[in-house]
Novice: 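Let me begin by handing over the structure; questions about it come next.
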Amino acid sequence: MIQAESVTTSHLKEGGVIDVQEILHGTRPALLILHNDGEEDIVGVFADVLGQLWESAASLEEVNMGPGSIIYGLPHSLVAPQLDSWNRTRMLINTHCVDGPHPRNDALTERCDYEYLYTRSPFFRRDVARFLSLILGQISPHRDLTKKARTTLISTTFPDVHAALPNLDILSVGADAIEIRVDLLEEPLPDGSFSKVPSLKYVGEQVMLLRQRTELPIIYTTRCTNENGRFPMDDPMLFYKYLSRAIQWGCEYIDVELWLPEEIRRKLAETKGCSKIISAFHDFSGTFKWTAPETQTLFERGAVYGDVVKMYVLVNSMQENIELEYFRSTIQTKYPHPPFSGLNMGPTGQLSRTMNKIFTPITHPLLPMIAAPGQLSAAEINSTLHSMGQMPKLDIYGIGSFRSTSQAMFFEKCFNELGLPHQFLFAERAPKASIENILRRPNFGGAYINPPLAGASAPYLPTLSNAARAIGQVDTVLVRSENGHPTYIGENATWKGIRATLTRDFVPSAYGRRAALLLASSEADAAASIFALKSLGIGPIYTIGFRAHGSLSAEVEPVRSVEDVKRLEQPFVIISALPAEKSLLVVPLLKHYRVDGRNGNSNGHGHGHGQGVAGGRSAGKVFVDLASGARKADPLAIATSAGWTAYGIADVSAWTTVETIRLLVGQNVCYDFVRLASGRGGLF
Ligand SMILES: O=C1C[C@@](O)(C(=O)O)C[C@@H](O)[C@@H]1O
């Protein structure tokens, strides 16, 4: 098992550790997928994303007799009568195609663990991967976010999510999560008016739409009329109905108001699965007192079922900001968990919106309205932090052997969009000592290094993350202040970029104990890939072009001959780290291990029965080509037509850039924004 990181930076919490404890996903989840008649191809997609085989069953008895590792699909028409007497040995997921001919079967969904809503055109395979990864506990956005020193959420106020879609990537820059205000959704009625409470059908489709287009965790909020929302309060069970359905849809967070009866809050906590609860309390009376003894009791009540406790109150005087800060520090000293998000609303409370570090709600000029009085944008918060001396202006460097204007422009764009005071500088990497000299410059605030620096040769980097040490390469340098003196940390972001690419269309457990084939001219070129593959619990890694000797060499074996290739276990993933001029060497392997029965479209349906089996062997799935630069033919196109799900360097470097920006300036910039902003040529 790889303990990936152990680094503290100024953007992480004091003493915090990025311990990406990647789980060895040896076991295959046991699922039963329900589908409408004629829509069984969704079962094939689920199985493909899971890297498992699937079967269509005719009864629950048949399902019970089959091995757990096989994903079973059953049509609604067959399952409904038998479900109540079923022993529920598998996770039960109801699927519904929103643009298909069948009506939704709400009563059936209520008897299932989860409901997956999807559109056939367009179809978003990465949404299936995200949904499954979350509900199976194979990713934990909450765990990742609790490691960040500051987190924000963008609260969307659209009556219809469609209106958000064109600007979503820009709206989301700097946000760590996105809130859907379910109470503000306006479902049009046939008479031209809007329903007071949007139907579950409408809400489900809106959540689906949002998740298809964002990688940010979703916070699902049903704000009540008393707390500046529109959800009526006469029937608390209405909240239960809508919030429990959000759990079934795999929303990462549900916002549960503290006034709701304890019974409802408890039931939600008991059934929340991998979703997290934000316990919410708002007071608009203008008389709330942070110093009152009941205030601590409110926190304690919220903490019983909340993974985050949020207390937002309307204030009129500056004094209340000071009292809130005192409350914040005492309550988090007494109870470090769960994290406390505390704000004063209204213009006077804006200071507290910059002081709060947990899920600060932000707005954006492109949103139709602010969600609450006094809300600020990410840029406004950052500029205020800068003007209060909380965010010094830093020089962030790109250190490389070639000057990339597109990269410099991209960083500048992010800094502008986020209102960060920093500037981006490019430094040519020439003589030996030059990196150390750059580190010693007065406003040095961190750097990425491309091509990376061999870890062992950098004595001026006293701390290396576990990943940088194991990989033997530093591609990012972070600065931390220790007793008033700067100290430097060597990091590696590339492996994260590779891992994020691999898990875009497949869940982590799909890689567990499967074989991989890795081509490179040297071990150094392949090291980040080996680390990423091992973090996913991959089985043997076969190498072509090099032999592994370093700390990552366990279960890494060279392929020596064509005979070896024939004998090899079918690789689930092939990664080529060969340079552009050699990258076509992978083509015969892609063809040899071609994926029978797939149409090669990673977003497509049409997978046949038993898909995933090629001549009794499990089929290869993923190809990643890390080469950049011109070449005679495109291995990605060849791989795709041979049935592989293929990714190129543009994908990997966009994910790596996401990670680099997180590490360097502590801000979240989504993959889609990076791709959008970097244009067709890419950044690297
Ligand atoms: O709870 C909150 C906080 C908020 O009310 C604010 O003050 O920014 C905005 C709401 O959308 C969100 O649900």
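Both ligands and their constituent atoms are indexed starting at 1 by order of listing.
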Novice: Where the side chain of Ser195 meets the backbone of Val197, is there a donor-acceptor pair that is under 3.5 Å apart?
Specialist: yes

Novice: Applying side-chain contact (heavy atoms from CB on, under 4.5 Å), name anything that partners Pro188, two or more places apart in sequence or on another chain.
Specialist: Phe194, Tyr202

Novice: In chain order, what residues pass the side-chain contact (heavy atoms from CB on, under 4.5 Å) check against Gln375, with sequence neighbours excluded?
Specialist: Ser155, Arg353, Pro361, Thr363, Ile370, Ala371

Novice: Any idea which residues sit under 4.0 Å from ligand 1, heavy-atom distances?
Specialist: Ser155, Glu179, Arg181, Thr221, Arg223, His282, Lys310, Tyr312, Met345, Arg353, Pro361, Ala371, Ala372, Gln375

Novice: Please list, chain by chain and in numerical order, all residues satisfying side-chain contact (heavy atoms from CB on, under 4.5 Å) with Gln350, sequence neighbours excluded.
Specialist: Leu376

Novice: With a 4.5 Å heavy-atom cut-off, do Arg150 and Leu385 have their side chains touching?
Specialist: yes

Novice: Ring-plane angle category for Phe424 and Phe411, please: parallel below 30°, perpendicular beyond 60°, tilted otherwise.
Specialist: parallel

